[in-house]
Amino acid sequence: QLAPDHLQRAADGAAAGDAGLYDLDVSFYSTVVALDDLAPVIFSEIMPDPVGNRYRCQWFELYNPTGSVLNLEGATIGQDSGGFVIDAPLVVADGEWLVFGTTGESTLNCGLPYVDWLYDTFDLVRDATDTLTVHDGNGDLVDELTYDPAWPFGVGDAMELCTNHLTAAENDDATNWQTTTAPAYS
């Protein structure tokens, strides 16, 4: 039984020749707020040093703690070595996560079941200090996270922000993070 604001349908594969059925869960929201520094998303989980294809298996999550449904279209996710603009609607409900990865193919990305947004413009750093940023469509800083090898991640283990510290101020403190082997969305 789905809530009245959800619709579920089955669809063909993504390309000609694909076989099988896929579930599609669509949510309808009456109010969606544009991302800005007053309605921020925050970095909440990062896999900078995966086992397997290092670049293809990296991923990170953004969390929405705002109380509102946010549209990240126009936001820029950045790093010292590059960044990318979210150039299409990307909506995240309050209390939900978005997963960003370099490929959506679970056989290539070390088993992630889904990725909300694909990027190929930077490589998460595992052996030096790295800074990740989110800027809104006006260029204002929404969240910044600087981490280094002393933070709680290791080969094959991600680090996640502890659930009692899901704010932009608290995600700057390494003691508010913990090692995890499973993405928060799972």
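The analysis underlying the following values was restricted to heavy atoms, covering all of them including side chains, and did not include hydrogens, waters or symmetry mates. This chain uses plain numbering: 1 for the first residue, then up along the sequence.
Interatomic distance, CD of Gln79 versus OG1 of Thr121, reported as 8.0 Å (0.5 Å rounding). Considering CZ of Phe122 and CZ of Phe84, their distance stands at 5.0 Å, rounded to 0.5 Å. Between the OH atom in Tyr147 and the OG1 atom in Thr129 there is a gap of 9.5 Å [rounded to 0.5 Å]. Atom CG of Asp148 and atom OG1 of Thr131 lie 10.0 Å apart (nearest 0.5 Å). Rounded to the nearest 0.5 angstrom, Arg126 CZ and Asp123 CG are separated by 8.0 Å. With values rounded to the nearest 0.5 angstrom, Leu72 atom CG is found 12.5 Å from Asp87 atom CG.
Side-chain contact between Leu35 and Val142: present, with at least one pair of heavy atoms (C-beta onward) separated by less than 4.5 Å. Counting heavy atoms from C-beta on, the side chains of Val41 and Tyr63 never come closer than 4.5 Å. Contact of the Leu145 side chain with the Trp151 side chain is registered, since non-hydrogen atoms from C-beta on lie closer than 4.5 Å. Within the 4.5 Å cutoff, the side chain of Val69 has heavy atoms near those of the Val91 side chain. The shortest side-chain heavy-atom distance between Glu45 and Trp59 falls under the 4.5 Å cut-off. Using a 4.5 Å cut-off on side-chain heavy atoms (C-beta onward), Trp117 and Leu98 make no contact. A heavy-atom distance below 4.5 Å is not found between the side chains of Trp177 and Cys162. Side-chain contact between Leu90 and Glu73 is absent, with no heavy-atom pair separated by less than 4.5 Å.
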Margin query: Using side-chain contact (heavy atoms from CB on, under 4.5 Å), reason through Leu141 and His135 one step at a time and then give a plain yes or no.
Written below: CA-CA 4 Å; Leu141 183 65; His135 288 84; 3.7 Å; yes
Checklist line | Candidate pair Asn64 and Ile42, rule side-chain contact (heavy atoms from CB on, under 4.5 Å), full reasoning | finding: CA-CA 7 Å; Asn64 176 4; Ile42 61 170; over 6 Å; no
Check: When you look at Asp172 and Thr146, which way does the side-chain contact (heavy atoms from CB on, under 4.5 Å) test go after all the steps?
Finding: CA-CA 7 Å; Asp172 296 331; Thr146 299; over 6 Å; no
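The minimum heavy-atom distance between Asn71 and Pro89, with the atom names listed, is OD1-CA, 3.6 Å. Across every non-hydrogen atom of Glu170 and Leu161, the tightest pair is O-CD1, 4.0 Å. Heavy-atom minimum distance, Val33 versus Ser68: CG2-CB, 3.9 Å. Smallest separation of non-hydrogen atoms from Pro152 and Ala174: CD-O, 4.1 Å. The two atoms that bring Pro149 and Asp127 nearest to each other are CG-C, 3.5 Å, heavy atoms only. Residues Glu61 and Trp97 approach most closely at OE1-CD1, 3.1 Å, considering heavy atoms.
Criterion: ILVMFWY side-chain heavy atoms under 4.5 Å apart, direct or through other members. Under it, Leu112 and Leu118 are part of a common hydrophobic cluster. Cluster membership check: Tyr114 shares its hydrophobic cluster with Met47, using side-chain heavy-atom separations under 4.5 Å among Ile, Leu, Val, Met, Phe, Trp and Tyr.
Distance alone, capped at 3.5 Å, places no donor-acceptor pair between the Thr179 side chain and the Met159 backbone. When atom types are taken as modelled, the side chain of Asn138 and the backbone of Asp140 share no donor-acceptor pair closer than 3.5 angstrom. No donor-acceptor distance shorter than 3.5 angstrom exists from the side chain of Thr180 to the backbone of Ala158, with no hydrogens or angles considered. The backbone N or O of Thr102 lies less than 3.5 Å from no partner atom in the side chain of Asp120, so there is not a single donor-acceptor pair. Side-chain atoms of Gln58 come within 3.5 Å of backbone atoms of Leu124 as a donor-acceptor pair (strictly under, hydrogens ignored).
Between Phe60 and Tyr119, the distance separating the two ring centers is shorter than 6.0 angstrom.
Between Leu62 and the choices Ile77, Asp143, Val92, Asp116, the side chain to side chain contact (heavy atoms under 4.5 Å, CB included) rule is met once, by Ile77.
Under the 3.5 Å distance criterion, with hydrogens and angles disregarded, no donor-acceptor pair is assigned to the side chains of Asn171 and Asn176.
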